[in-house]
Amino acid sequence: TTQFIPPYTEECRTGMYPPNGPTFRGAVSWYTVDLDLPPSKRWTAVITDKKTDLIEMIQAIKDLANAFVPSGKLIELVDIMLPLMVDTLPNPFSDEIKGIAAVSGIPLGEVVLFNIFYEVFTV
Amino acid sequence: CTSVVAEDNKGNLVHGRNLDFGLFMGWDVKNKSWIISEKLKPLVVNLDFKRNNQTVFKSTNFAGYVGMLTGIKPHIFTLTMNERFSLDGGYIGILEWILGQRDGMWMSFLTRSVLENANSYEEAKTRLAQTKLLAPAYFILGGNQTGQGCIITRSRLLSIDILEIDLKLGRWYVLETNYDHWKEPFFLDDRRTPAKKCMNQTTQTNISLKTIYDVLSTKPVLNKLTTYTTLMQVSEGSLESYIRDCPNPCMPW
């Protein structure tokens with residue numbers, strides 16, 4: 001019963017498809033990832049397109065981390081320690097992550113953090 | 001997150017999911033939204049993974065993330081994963097990894113490997129159920145034959161439970177949010193009850209990609225954490241996804 005609290009809950013919606021209206025922000029672009037390419041090259045097209053948004057999102061996570069640890073030590077730890085960890089990750093993931101860091105210009109440790117975030121988030 | 005696999009009365013399997021993320025990671029008071037969820041939305045991409053110019057699998061992803069949370073191996077199976085909370089969580093797995101114990105797999109690397117290399121529903125189910133993980137998870141898997149739809153509840157080491165579609169028992173769909181299906185969800189985050197109410201109201205006769213989208217658009221199944229909705233139909237080999245918004249008033253989770 002704690003979940004039936006209109007207007008935060010509502011009757012079952014109908015006729016929402018095709019997606020439209022205020023709950024539909026937009027469609028999603030398609031990209032091809034060519035698995036015949038070397039792992040470090042596979043994500044170049046995607047990251048070239050999305051680099052700015054990726055940098056913004058990672059900056060938001062860094063701002064959050066700095067809110068918890070104002071000294072910046074947490075980000076330093078990420079930037080120093082996680083690059084050492086990337087080579088322990090199995091391929092092709094390790095080389096794909098390095099490729100993404102190279103194309104985006106984002107520090108490798110921060111790209112590693114994004115990719116293991118599910119495990120880190122449990123902290 | 002909410003993931004559902006349903007079988008209509010003609011035996012077609014459809015798979016839909018809302019990807020919710022960013023809880024407690026900064027609340028934007030002015031816009032009444034989670035900061036990280038909003039930053040993730042522009043990064044949502046659909047990916048067509050090809051080898052020898054042939055599609056191996058397709059996925060909805062966040063640009064920069066090489067693991068998989070949502071995907072389809074056309075005409076073979078569909079796969080999504082939802083987060084599972086446990087005290088024996090990912091941080092223990094990471095600690096073990098740092099200390100040199102590396103026989104477990106990172107969750108999204110396992111789903112990526114299954115989408116890339118498994119060639120049947122049964123093979124995918126076995127690998128998702130039996131591979132040691134660094135963090136617990138729910139895997140929601142749909143196949144290409146009647147009855148092939150399941151929720152695999154995983155701890156880091158074990159497959160705790162597999163709940164499968166069973167038409168004889170009237171279970172024409174399986175639906176997972178973020179709580180073990182044999183337990184009551186956390187009382188302040190029961191998205192399961194409203195979602196199941198809408199599935200039952202839709203009925204097996206009327207279930208389709210369209211009506212699953214309706215279920216996934218109903219608050220609080222749609223909430224401030226929802227970044228995208230993906231709809232997949234294995235028999236068509238189709239995957240489509242939409243970036244979502246939840247206008248106020250809307251549940252923060």
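First the proteins, then the strands, lettered A, B, ... as listed; each starts at 1.
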**Student:** Could you pull out every donor-acceptor pair under 3.5 Å between side chains of residues 27-38 of chain A and any protein atom, sequence neighbours left out?
**Tutor:**
residue: Y31(A); atom: OH; partner: D49(A); partner atom: OD2; Å: 2.6
residue: D34(A); atom: OD1; partner: D36(A); partner atom: N; Å: 2.8
residue: D36(A); atom: OD2; partner: N52(B); partner atom: N; Å: 2.5

**Student:** Between Y65(B) and F117(A), is the ring centre distance below 6.0 Å?
**Tutor:**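 No; F117(A) has its ring centre 6.0 Å or more from that of Y65(B).
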
**Student:** Going through the checks in order, is the side chain to side chain contact (heavy atoms under 4.5 Å, CB included) test met by Y8(A) and N223(B)?
**Tutor:** CA-CA 9 Å; Y8(A) 291 92; N223(B) 54 72; over 6 Å; no

**Student:** For the pair E11(A) and K219(B), find out whether any cationic side-chain nitrogen is under 4.0 Å from an anionic carboxylate oxygen.
**Tutor:**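 The answer is no: the pair does not qualify as a salt bridge.
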
**Student:** At a heavy-atom separation under 4.5 Å, does I47(A) approach chain B through its side chain, its backbone, both, or neither?
**Tutor:**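 It is the side chain, since no backbone atom gets that close.
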
**Student:** Is it the case that the side chains of T218(B) and R13(A) hold a donor-acceptor pair, with the cut-off being a distance below 3.5 Å and no angle test?
**Tutor:**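 No, T218(B) and R13(A) have no side-chain donor paired with an acceptor closer than 3.5 Å.
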
**Student:** Restricting to non-hydrogen atoms, name the atom on P247(B) and the atom on T23(A) that form the minimum distance, rounded to 0.1 Å.
**Tutor:**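 Taking every non-hydrogen atom into account, CD-CG2, 4.0 Å.
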
**Student:** Side chain, backbone, both or neither: which part of L64(A) has a heavy atom under 4.5 Å from chain B?
**Tutor:**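 Only the side chain of L64(A) comes within 4.5 Å of chain B.
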
**Student:** Identify which part of I106(A) has an atom lying under 4.5 Å from any heavy atom of chain B, answering side chain, backbone, both or neither.
**Tutor:**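 Neither part; nothing is under 4.5 Å.
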
**Student:** Just wondering, more than 12 heavy atoms not from K132(B) lying within 6.0 Å of its NZ?
**Tutor:**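 Yes, because the 6.0 Å sphere around NZ of K132(B) holds more than 12 heavy atoms from other groups.
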
**Student:** Looking at R156(B) and E119(A), is any side-chain nitrogen of the basic one under 4.0 Å from a carboxylate oxygen of the acidic one?
**Tutor:**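 Looking at R156(B) together with E119(A), the answer is no, because their closest N to O distance does not fall below 4.0 Å.
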
**Student:** Is there any residue in residues 23-34 of chain B with a non-hydrogen atom under 4.5 Å from a non-hydrogen atom of chain A, and which ones are they?
**Tutor:**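 Within residues 23-34 of chain B, the residues under 4.5 Å from chain A are L23(B), M25(B), G26(B).
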
